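Here is the structure we will look at, set down as structure tokens.
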There are 2 protein chains.
Amino acid sequence: MKHILNKNTQEVLQAAQKQCQQQGLRFTTKRSNVLQLMLNENKSLSAYDIMAEYKTQYNQSISAVSVYRMLDFLIHAQFVHKLISSSQYIVCSHITCHHAHEIPQLLICDTCHQVEEISIGKLLASELEANIAASGFKLQRQQLELHGVCISCQNLH
Amino acid sequence: MKHILNKNTQEVLQAAQKQCQQQGLRFTTKRSNVLQLMLNENKSLSAYDIMAEYKTQYNQSISAVSVYRMLDFLIHAQFVHKLISSSQYIVCSHITCHHAHEIPQLLICDTCHQVEEISIGKLLASELEANIAASGFKLQRQQLELHGVCISCQNLH
DNA sequence: GTTGTAATGTTACAACATTACATTATTTTC
DNA sequence: GAAAATAATGTAATGTTGTAACATTACAAC
Ligand SMILES: [Zn+2]
Ligand SMILES: [Zn+2]
Ligand SMILES: [Zn+2]
Ligand SMILES: [Zn+2]
């Protein structure tokens with residue numbers, strides 16, 4: 001399976017627009033702006049970070065509530081992931097990919113807040129499932145969030 | 001490796017007390033009360049839940065700040081786990097065990113908030129590590145939190 | 001008992017998130 | 001194209017989780 005990861009902002013925005021059209025979703029200017037803003041920043045952001053950046057980049061105030069609603073939209077459209085463990089948000093690395101989204105495994109750098117999104121392999125996924133199924137437990141949200149230090153930040157110190 | 005999981009409250013409290021003595025930690029009445037309270041409830045609780053329950057069960061008000069501090073203590077003593085994904089707290093299932101604590105894998109029921117703590121196997125752990133190491137990423141916190149529905153709640157509906 | 005340290009209390013506030021209701025923009029229907 | 005319906009956004013208030021700063025109390029060491 002070939003992964004063509006997000007390359008540049010314009011390409012991703014166009015892909016997002018297209019996907020919304022196909023599904024009858026409204027890709028409004030503000031939603032587009034929020035996604036663009038998140039693409040520009042190369043790290044995870046809190047909703048309030050986004051609110052502040054929006055003001056800076058577009059010279060227009062938006063409310064926290066609106067940010068949360070736009071994030072909800074972007075998450076449902078599968079353009080954005082929420083990092084539960086840090087209450088932050090990050091653009092999905094696979095918007096321009098054409099395959100189904102696998103169980104995302106998010107490597108979150110606690111130093112620079114960059115997030116690497118790698119897919120958990122089929123084998124590993126099924127082992128995890130088996131491990132869990134032994135308890136009769138039925139998984140709902142499938143997303144692994146792992147905290148640590150990225151390779152760049154390791155090399156700095 | 002044999003796991004003797006926590007059985008009854010008294011046994012666990014005594015084990016906790018003993019471990020604190022051995023390590024020169026103070027297992028104060030309030031800390032003990034909080035742990036006992038958490039053992040009585042068979043589910044994860046928020047800090048504010050604990051504050052309210054404390055008032056109910058011990059007829060004495062304690063502040064949120066104190067609850068957070070006691071939770072910090074109990075977490076450092078390895079008696080309690082924090083569920084990052086839900087901002088809740090749960091007693092470790094292995095207080096009375098005598099082996100080292102492995103990478104905890106917490107199966108969190110989103111219906112009844114009961115948490116099953118299973119250990120991730122050696123094999124699975126090393127596969128995960130390898131998967132992650134491929135990115136040069138260095139893990140810090142090792143705790144997997146998985147959300148879903150427990151077997152009891154599946155059988156209800 | 002005095003002194004030092006750890007535990008707890010009090011107050012204020014920061015950060016993240018939701019609810020309820022009003023207004024504006026867009027689409028649909030006629 | 002105007003009216004009605006629906007979706008998006010704004011505004012205000014509030015809820016939830018968590019921390020900072022400083023005061024007080026309990027306890028141990030001497
Ligand atoms: Zn993704
Ligand atoms: Zn980094
Ligand atoms: Zn544990
Ligand atoms: Zn359940």
Side-chain angles (χ1 to χ4, degrees), chain A residues 16-17 20-35 37-38 43-55 58-77 79-90 108 110 113 141 145 147, chain B residues 16-17 20-21 23-35 37-38 43-55 58-77 79-90 108 110 113 141 145:
Chain A
Q17 170 120 48
C20 284
Q21 269 179 351
Q22 288 171 347
Q23 300 180 255
L25 301 173
R26 291 199 213 161
F27 195 57
T28 65
T29 305
K30 295 197 170 174
R31 286 169 177 173
S32 175
N33 285 347
V34 168
L35 185 58
L37 178 163
M38 294 178 75
K43 59 179 184 181
S44 62
L45 297 170
S46 75
Y48 283 78
D49 290 340
I50 291 169
M51 185 171 67
E53 269 304 313
Y54 197 103
K55 172 86 178 177
Y58 302 103
N59 198 34
Q60 185 186 15
S61 290
I62 55 173
S63 65
V65 184
S66 295
V67 173
Y68 281 107
R69 284 191 288 227
M70 290 165 198
L71 286 171
D72 279 347
F73 173 87
L74 295 171
I75 289 167
H76 281 118
F79 299 150
V80 163
H81 292 293
K82 173 169 186 177
L83 307 178
I84 307 280
S85 53
S86 56
S87 296
Q88 298 212 330
Y89 303 84
I90 188 88
I108 302 162
D110 289 328
H113 298 114
R141 300 187 224 160
E145 298 181 20
H147 287 259
Chain B
Q17 171 119 45
C20 285
Q21 269 178 354
Q23 299 179 257
L25 302 173
R26 290 201 214 161
F27 195 57
T28 65
T29 305
K30 294 196 172 176
R31 287 168 176 173
S32 175
N33 285 348
V34 168
L35 185 58
L37 178 164
M38 295 179 75
K43 59 180 185 184
S44 64
L45 296 169
S46 75
Y48 285 79
D49 289 341
I50 291 169
M51 184 172 68
E53 270 303 313
Y54 198 102
K55 171 85 180 177
Y58 302 103
N59 199 33
Q60 185 186 14
S61 290
I62 54 174
S63 66
V65 183
S66 295
V67 173
Y68 280 107
R69 284 191 286 228
M70 291 166 198
L71 286 171
D72 278 347
F73 173 87
L74 295 172
I75 289 167
H76 282 118
F79 299 150
V80 163
H81 292 293
K82 174 169 186 178
L83 307 178
I84 307 280
S85 53
S86 56
S87 297
Q88 300 213 328
Y89 304 84
I90 188 89
I108 301 162
D110 289 329
H113 300 114
R141 300 186 224 160
E145 297 180 20

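All of these numbers come straight from a predicted model, not from anything done at the bench. Values below: all heavy atoms of this structure, side chains included; hydrogens, waters and symmetry mates excluded. We name chains A, B, ... by the order of the sequence lines, and we start the count at 1 in each one.
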Report task. Go through Q60(A) and K30(A) one step at a time and tell me if the side-chain contact (heavy atoms from CB on, under 4.5 Å) criterion holds. Result -> CA-CA 10 Å; Q60(A) 185 186 15; K30(A) 295 197 170 174; 3.6 Å; yes
**Report entry** Intermediate values then yes/no, side-chain contact (heavy atoms from CB on, under 4.5 Å), I90(A) and I108(A)
**Finding:** CA-CA 10 Å; I90(A) 188 88; I108(A) 302 162; over 6 Å; no
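Proximity of F27(B) to L35(B): side-chain heavy atoms (C-beta onward) are separated by under 4.5 Å at one or more points. The closest side-chain heavy-atom distance from Q88(A) to D49(A) is below 4.5 Å. At least one side-chain heavy atom of V67(B) sits under 4.5 Å from a side-chain heavy atom of I62(B).
Taking atom CG on N33(A) and atom P on dT9(D), their separation rounds to 10 Å, with Å as the unit. Rounded to an integer number of Å, the gap from L25(A) CG to dT27(C) P is 13 Å. Distance K30(B) NZ to dA6(C) P: 19 Å, rounded to the nearest Å. Whole-Å rounding puts the R26(B) CZ to dA29(D) P distance at 9 Å. Distance, I50(A) CD1 to dA15(C) C1': 14 Å, rounded to whole Å. At whole-Å resolution of the value, CZ in F27(B) and P in dA7(C) are 13 Å apart. Rounded to an integer number of Å, the gap from CZ of R69(B) to P of dA23(D) is 14 Å. Taking atom CG on L83(A) and atom P on dC16(C), their separation rounds to 13 Å, with Å as the unit.
Phosphate contact (OP1/OP2 of dT9(D), side-chain N/O of R31(A), threshold under 4.0 Å): present. The shortest distance between the side-chain N/O atoms of T28(A) and the OP1/OP2 oxygens of dT9(D) is below 4.0 Å. A close approach under 4.0 Å does not occur between any side-chain nitrogen or oxygen of S87(A) and OP1 or OP2 of dC16(C). The phosphate of dA17(C) (OP1 or OP2) has a side-chain N or O of Y68(A) nearer than 4.0 angstrom. Under 4.0 angstrom from either OP1 or OP2 of dT17(D) there lies at least one side-chain N or O belonging to S46(B).
With both pairing distances under 3.5 Å, dT28(C) is matched to dA3(D) as a Watson-Crick or G-U wobble pair.
Residue-to-nucleotide proximity on DNA chain D shows that, of D72(B) and F73(A), the 5′-proximal contact is made by F73(A). Comparing V65(A) and M70(B) against DNA chain C, the residue whose closest nucleotide sits nearer the 5' end is M70(B).
Comparing dG9(C), dG10(D), dT11(D) against the side chain of S63(B) picks out dG9(C) as the nearest.
Side-chain atoms of Y48(A) come within donor-acceptor range of the base of dA17(C), with a qualifying N/O pair under 3.5 Å.
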